[in-house]
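Notes follow once the structure below has been shown.
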Amino acid sequence: MDAKNKILVLGRPEINKVELVHSIMAGTNTPCVANSDASAQIAWHIDTRYYTAQTEFWVDSTEPLSTPHTQLMLSDPAASSIPIDAPTHELHTALSPLVDAIVFAFDPRDSSSFTDVLPWARFAQDYEPSVLLCVAIGDKVSGMDGQKDEWFDWCVQMGWEWVDLTDMDESEYSVGRVREALVANEWATMIPKTDSKTDSNVDPKRDSNVDPKPDSNVDIQAEPTIDAPPEQRNEWDRFDKVAGTIDPRRVNELHRSLFTETAQNDMSGLMSQLHTLRDEIAQLDPETARMRAAELALALAKDT
């Protein structure tokens with residue numbers, strides 16, 4: 001039987017989902033949105049400092065929903081029981097042992113397309129995949145803040161993470177965040193690396209999923225240099241500003257909780273803790289989330 005290592009990438013045909021997948025795999029933050037109704041299966045070998053995992057993107061297109069679904073979204077955006085028909089139920093049952101992540105992409109300029117997520121919200125309710133991402137993609141449109149707030153609130157209520165790629169000037173939103181969420185998951189195919197801290201073949205400053213060439217399209221996981229583009233330097237300046245306000249005692253306490261003797265010998269346990277912390281941070285307001293994320297980054301960087 002196949003492993004539970006599939007990543008569903010779903011959205012209307014006009015969303016170039018294959019290009020989005022390539023952007024996630026490359027770590028870039030400039031996905032191309034073009035007409036494409038392609039379905040695809042794309043293998044992704046995750047190789048980090050701590051583990052490897054074989055995963056696969058399953059790309060497919062959604063269709064406009066029926067009137068009852070649309071009415072449900074308007075009347076009760078966080079309904080506890082989303083109706084699905086028999087064929088959809090059969091599809092969900094078949095996918096449930098295989099899928100552990102869903103990336104739902106939609107164009108905010110077509111606000112009705114957001115309701116396409118509803119059957120997959122039902123799938124998430126029934127089978128609880130580990131990663132649920134709702135990705136707004138396309139050209140930036142002014143005057144949509146109210147509508148985006150409603151979509152964001154729905155995501156919070158339903159346990160999905162909101163990622164707005166139409167606001168590329170907002171530092172917390174980039175394809176890098178989508179990639180980070182997927183890489184941080186504890187995949188069924190995960191193989192921990194032994195003695196990763198002393199592995200002479202591993203550069204501790206970057207992993208093989210990050211493009212080593214300094215480029216303006218590489219996300220902030222790449223190590224900044226004096227030649228880094230201004231927006232990347234600004235990211236680190238903002239991080240330094242936040243980090244300067246953090247209580248070192250909180251960092252030390254978090255570090256101890258992550259790197260106990262037991263945790264150091266149990267990579268799956270450490271990954272589980274990080275997954276839980278990530279989910280908790282995602283539910284916070286932006287300012288608090290930045291503070292908690294900085295604390296976690298400093299705790300992870302601290303010498304054991």
Side-chain angles (χ1 to χ4, degrees), residues 2 4-15 17 20-21 37 39 55-138 144-166 173 177-178 181-182 185 188 275-276 278-280 282-284:
D2 289 338
K4 192 172 184 177
N5 67 335
K6 307 302 185 291
I7 305 164
L8 287 185
V9 181
L10 305 165
R12 293 277 176 93
E14 55 268 23
I15 298 291
K17 299 171 288 294
L20 174 60
V21 168
D37 57 0
S39 297
T55 66
E56 189 174 28
F57 291 96
W58 283 5
V59 182
D60 206 354
S61 294
T62 60
E63 297 179 353
L65 292 177
S66 62
T67 300
H69 276 101
T70 304
Q71 291 175 341
L72 174 68
M73 175 61 78
L74 294 175
S75 63
D76 188 1
S80 59
S81 181
I82 297 169
I84 55 174
D85 56 23
T88 302
H89 176 73
E90 292 177 4
L91 174 63
H92 287 185
T93 302
L95 291 175
S96 62
L98 306 174
V99 173
D100 202 30
I102 301 176
V103 179
F104 171 75
F106 79 105
D107 189 337
R109 292 171 298 182
D110 180 7
S111 59
S112 66
S113 65
F114 182 76
T115 58
D116 292 9
V117 75
L118 280 173
W120 301 102
R122 173 62 182 272
F123 178 90
Q125 290 174 343
D126 292 342
Y127 301 107
E128 299 183 345
S130 300
V131 181
L132 299 169
L133 301 170
C134 186
V135 181
I137 188 170
M144 293 197 66
D145 290 346
Q147 179 68 77
K148 287 184 177 180
D149 287 344
E150 292 181 11
W151 291 329
F152 175 82
D153 290 343
W154 180 91
C155 288
V156 170
Q157 292 180 63
M158 299 297 286
W160 291 62
E161 180 175 347
W162 167 261
V163 182
D164 187 357
L165 299 188
T166 67
Y173 296 129
R177 173 56 207 146
V178 178
L182 296 172
N185 187 39
H275 183 78
T276 299
R278 183 205 66 188
D279 290 344
E280 292 174 353
Q283 305 304 317
L284 301 173

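No hydrogens, no waters, no symmetry mates; every other heavy atom, side chains included, goes into these values.
With ring centers used as reference points, Trp120 lies 6.0 Å or more from Phe104.
A side-chain contact (heavy atoms from CB on, under 4.5 Å) with Leu133 holds for exactly one of Val178, Val9, Ile102; it is Val178.
Below 30°, between 30° and 60°, or above 60°: for Phe106 and Trp151 the angle between ring planes is above 60°, a perpendicular geometry.
Leu118 has its side chain within reach of Leu65: a pair of non-hydrogen atoms, C-beta onward, lies under 4.5 Å apart. Within the 4.5 Å cutoff, the side chain of Thr55 has heavy atoms near those of the Ile7 side chain.
The existence of a salt bridge linking Glu63 and Arg12 is excluded, since no basic side-chain nitrogen approaches an acidic carboxylate oxygen closer than 4.0 Å.
Applying the side-chain hydrogen bond (donor to acceptor under 3.5 Å, both in side chains) rule to Lys148 yields the partners Asp164, Thr166; only residues at least two apart in sequence or on another chain are considered. Residues satisfying the side-chain hydrogen bond (donor to acceptor under 3.5 Å, both in side chains) criterion with Ser96, sequence neighbours excluded, are absent altogether.
The CD atom of Gln125 sits 10.5 Å away from atom CG of Leu132, with the distance rounded to the nearest 0.5 Å. Distance check: Asp60 CG to Leu8 CG gives 8.5 Å after rounding to the nearest 0.5 Å. In this structure, the separation between OG on Ser113 and CG on Asp107 is 6.5 Å, given to the nearest 0.5 Å.
A donor-acceptor pair is defined here as one N or O able to donate and one able to accept, closer than 3.5 Å; such a pair exists between the side chain of Asp100 and the backbone of Ser130. Side-chain N or O atoms of Lys17 include one that pairs as donor or acceptor with a backbone N or O of Gly11 at under 3.5 Å.
Side-chain contact check for Thr88 and Asp85: at least one donor-acceptor pair (N or O, by modelled atom type) lies under 3.5 Å.
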